[in-house]
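The next block holds one structure in the form of structure tokens; read it before the comments.
All residue numbers in this chain count up from 1 along the given sequence.
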Amino acid sequence: MLRDNLLYLYPNLSAMKKITIILLLLTVATIAIPQERSRKSRTFNYFNRTEAGVSFGVGSFKTDILNGVQYTNKNNEIVVAFQTINGIAYHGRIGLGVGVGVEPWRDGLFFPVFGQLFYDLKPRDKTFYGQVSLGTGIGTRYSTSFVQEGTGGLMFQLGIGYKMNVTKRLRFYYEVFYKYQSINSAYKNTVSTSDTTIIQHVDYKVPLNFLGFKIGISFY
């Protein structure tokens, strides 16, 4: 058909020129079609997730030992979080990335560094997904009347959310999540007897639990 069209449109072209044009057109088509298919069916894609959220402390934790007495205190921390995750997604459905963020606390300031794995439940424009993050919170929890100053330790987060396409490569999502953050701290405990006074240096970890909500956008 291509040859007949050329003969009809350009009857005065020589046979050699017609063959050359046909070969050039076939070469262009052969290159263009696989490239288009490759773009559409690319196995691995770079992604970026940028999100903001808030979480509230749940449960309780033990305070320092003061005058030989240790109390249990309610976790009333409020955490505001901003973070970004960059990584590689497989077929746009399962992804592994590295994230960093900033978290102002009511009584502290932390900079989480973590790895994140997410999975879309269905390969659709609108779908539920799950994610798990594991890392550390770099920063300081300020001292209060019942605990000493502490530094961040292990951080773990587990969330489930819903995402939807805004454009071809932009998605909006929202998520509810559980978060665990440990705090490394130390204090001095004074033990007095009838004839001596002993000062003990006590290192300990405070496990803090949170429930929260976040929204975000992702680029593919």
Side-chain angles (χ1 to χ4, degrees), residues 48-87 95-118 129-161 173-193 196-216 218:
N48 169 269
R49 292 159 62 93
T50 302
E51 54 194 35
V54 61
S55 58
F56 303 90
V58 294
S60 58
F61 60 94
K62 293 183 178 181
T63 67
D64 299 347
I65 298 176
L66 301 175
N67 300 319
V69 179
Q70 187 175 46
Y71 298 95
T72 298
N73 196 73
K74 183 179 179 181
N75 180 12
N76 59 2
E77 279 287 355
I78 300 176
V79 178
V80 178
F82 304 93
Q83 56 192 29
T84 182
I85 305 102
N86 294 276
L96 181 63
V98 176
V100 295
V102 57
E103 293 183 348
W105 289 31
R106 173 182 288 178
D107 296 307
L109 178 63
F110 290 87
F111 300 90
V113 179
F114 56 92
Q116 183 181 93
L117 175 69
F118 76 83
Y129 71 91
Q131 67 88 7
V132 59
S133 300
L134 182 65
T136 185
I138 301 172
T140 303
R141 184 207 58 192
Y142 308 141
S143 62
T144 66
S145 59
F146 48 83
V147 291
Q148 297 296 318
E149 182 178 287
T151 58
L154 176 69
M155 185 277 290
F156 170 78
Q157 188 180 116
L158 182 66
I160 184 170
Y173 61 91
Y174 52 89
E175 176 187 318
V176 293
F177 64 90
Y178 160 79
K179 178 181 177 179
Y180 167 86
Q181 176 69 64
S182 69
I183 303 296
N184 302 315
S185 188
Y187 64 95
K188 293 181 179 180
N189 183 38
T190 303
V191 180
S192 298
T193 63
T196 186
T197 299
I198 301 174
I199 299 178
Q200 299 175 331
H201 183 83
V202 181
D203 295 306
Y204 72 109
K205 292 184 179 181
V206 180
L208 298 178
N209 300 289
F210 300 86
L211 292 176
F213 174 83
K214 69 176 73 170
I215 59 173
S218 58

Within 45 degrees of the ring normal and closer than 6.0 Å to the centroid, is that where the cationic atom of Arg49 sits relative to Tyr129? yes
Looking at every non-hydrogen atom in both residues, tell me the closest pair between [X] and [Y] and how far apart they are.
X      : Y      : value
Pro207 : Phe61  : O-CB, 4.3 Å
Trp105 : Leu208 : CZ3-CD1, 3.7 Å
Val206 : Arg141 : CG2-NH1, 3.9 Å
Val102 : Pro112 : N-CD, 4.0 Å
Asn209 : Tyr180 : OD1-CD1, 3.7 Å
Met155 : Gly137 : CB-N, 4.2 Å

Look up atom OG in Ser60 and atom NZ in Lys74, then write down how far apart they are to the nearest 0.5 Å. 10.0 Å
Output the distance between atom CD (Gln83) and atom CZ (Phe114), rounded to the nearest 0.5 Å. 4.0 Å
So, do [X] and [Y] sit near enough that their side-chain heavy atoms are less than 4.5 Å apart?
X      : Y      : result
Tyr178 : Phe210 : no
Thr151 : Ile183 : no
Phe177 : Leu158 : no
Ile215 : Phe213 : yes
Leu109 : Thr140 : no
Ser133 : Phe156 : no
Glu103 : Val80  : no

Do side-chain atoms of [X] reach the backbone of [Y] as a donor and acceptor pair under 3.5 angstrom?
X      : Y      : result
Ser182 : Leu154 : yes
Gln131 : Ile160 : no
Gln181 : Gly153 : yes

Heavy atoms from other residues, nucleotides or ligands near CG of Leu117 exceed 12 (cutoff 6.0 Å): yes
Side chains of Asn48 and Thr50: donor-acceptor distance under 3.5 Å anywhere? yes
Could you name each residue pair satisfying salt bridge (Lys or Arg N to Asp or Glu O under 4.0 Å) that touches residues 198-216, not counting sequence neighbours? Glu51-Lys214, Glu175-Lys214
Sorted by chain and number, sequence neighbours left out, side chain to side chain contact (heavy atoms under 4.5 Å, CB included) with Phe56 holds for Val54, Ile78
